[in-house]
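Heads up, the thing below is written out as structure tokens.
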Number of protein chains: 2
Amino acid sequence: MSSHYTITQLAQEFDVTTRTIRFYEDQGLLNPTRNGQMRVYSPRDRVRLKLVLRGKRLGFSLSEIREMLDMYDAEPGESGQLELFLAKINERRGLLQQQRHDIELTLKELDDIEAQCRAQLTKVKVS
Amino acid sequence: MSSHYTITQLAQEFDVTTRTIRFYEDQGLLNPTRNGQMRVYSPRDRVRLKLVLRGKRLGFSLSEIREMLDMYDAEPGESGQLELFLAKINERRGLLQQQRHDIELTLKELDDIEAQCRAQLTKVKVS
DNA sequence: GCTTACGTTTACGTAAACGTCAACCCTCAC
DNA sequence: GTGAGGGTTGACGTTTACGTAAACGTAAGC
């Protein structure tokens, strides 16, 4: 639970290259401070990196991920902004639910395939 | 429930371009027959296209999707092959479960954000 | 004082997944 | 027979998400 991290620490912890981390900074996803010219990452940066990687596992593009990160630390704005923001949230929720549905379908199909496969296996072993 | 489809029919039904469909054929994901030089898609092709698009929504690459498609119509092989195949299935299942977990986390966080947002909204309206 | 290890910037390279022409072929209604 | 609306094959362009190499700074250890 350190209060700051070097780039290689983060790279090792999350199994990405330093290049990748720097690239994410270029894209405005991370904002490390500097000690001289060296990057210093705060726990907040670490969390954001974790969120970025989670987004990637879900197949979102970096710009979509940026949108989501922006949601996490959005300044509470005026009413109109908030309504619009709620809409964005719902849109993303819809996407995620669609994905979850797709996953359920695929998992079921994998079960079917495995069952057939196991049936075949015992058949082969018996013969 | 037609017995065959043209490329534009499929393109319209699934909201992709014909270019995309032809590209998937180049990648060996679809195998339409020909009437003269025109492509003719069978219901099987249609299902495969649907599976491809589902895979895309889950963020899988086309080569990963090809692997999954291969699973669907794998010839029941010999015992060793089958064991290996079962391993592949489990690997993919693991990925999907990880994704599902990621989705659950993200959905929860969206709920939190929305709650905060709504709280802010009533606050703004009251003041 | 030299190497080694880690960091930096700059910049060009690349693989994936298409988009976007161009140039061509059918065929069918007018 | 012509032109409009479908289809076809190249082939080059584009975006995203980094990889990779060059050229350099800095602090640690011998």
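As the structure is a prediction and not an experimental result, all values here were calculated from the model. Chain letters run A, B, ... following the sequence lines, proteins first, then strands; residues in each count from 1.
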Problem - Distance, rounded to the nearest Å, where B:Glu25 contributes CD and D:dG10 contributes P - result: 12 Å
Practice task
For B:Gln98 and B:Asp102, test the side chains for any donor-to-acceptor distance below 3.5 angstrom and give the result as yes or no.
Solution key: yes
Fill in the blank from the handout: When rounded to whole Å, the CZ to P distance for the pair B:Arg66 and C:dA16 reads 10 Å
Exercise for the section: With the side chain of B:Leu62 defined as its heavy atoms from C-beta on, choose the nearest nucleotide among D:dG25, C:dA17, D:dC18. Expected result: C:dA17
Exercise for the section: Could you state the atom-to-atom distance from CD of A:Gln27 to P of D:dT16 in whole Å? Expected result: 9 Å
Under 3.5 Å, which donor-acceptor pairs do the side chains of residues 69-77 of chain A form with other protein atoms, sequence neighbours left out?
from    : atom 1 : to       : atom 2 : distance (Å)
A:Tyr72 : OH     : B:Glu109 : OE1    : 2.1
A:Asp73 : OD2    : A:Arg44  : NH2    : 2.5
A:Asp73 : OD2    : A:Arg48  : NH1    : 2.8

Practice task
Please confirm whether the backbone N or O of B:Tyr5 pairs with a side-chain atom of B:Ser2, one donor and one acceptor, at under 3.5 Å?
Solution key: no
Problem - Whole angstrom value for the distance that separates P of D:dG7 from CZ of B:Arg34 - result: 13 Å
Practice task
Could you tell me the separation between the CZ atom of B:Arg22 and the P atom of D:dG6, rounded to a whole number of Å?
Solution key: 13 Å
Handout entry: Gap between atoms CD1 and C1', on B:Ile65 and C:dC18 respectively (whole Å)
Key = 13 Å
Fill in the blank from the handout: From the candidates D:dT8, C:dC18, D:dG7, the one with an atom nearest any side-chain atom of B:Phe23 is C:dC18
Fill in the blank from the handout: In numerical order, the residues of residues 7-21 of chain A whose heavy atoms come under 4.0 Å of DNA chain D are A:Thr17, A:Arg19, A:Thr20
Handout entry: Phosphate OP1/OP2 of C:dC18 contacted by B:Tyr24 side-chain N/O (<4.0 Å)
Key = yes
Practice task
Flag yes if A:Leu58 and B:Leu107 sit in one hydrophobic cluster, no otherwise; membership is Ile, Leu, Val, Met, Phe, Trp, Tyr, and two members link when side-chain heavy atoms are under 4.5 Å apart.
Solution key: yes
Handout entry: Single-linkage hydrophobic cluster A:Ile89~A:Leu84, side-chain heavy atoms < 4.5 angstrom
Key = no
Exercise for the section: For A:Gln37 and D:dA27, give me the distance from atom CD to atom P, rounded to whole Å. Expected result: 10 Å
Practice task
Would you please confirm or rule out a distance under 4.0 Å between OP1 or OP2 of C:dC18 and any side-chain N or O of B:Lys56?
Solution key: yes
Practice task
Tell me which of B:Tyr41 and A:Ser61 sits closer to the 5' end of DNA chain D, going by the nucleotide each one is nearest to.
Solution key: B:Tyr41
Handout entry: Salt-bridge criterion met for B:Arg100 and B:Glu104 (N-O under 4.0 Å)
Key = no
Practice task
Spell out, as yes or no, whether a donor-acceptor pair under 3.5 Å connects the side chain of A:Ser42 to the backbone of A:Asp45.
Solution key: yes
Handout entry: Atom-pair distance (CG on B:Asp26; P on D:dC12), nearest Å
Key = 15 Å
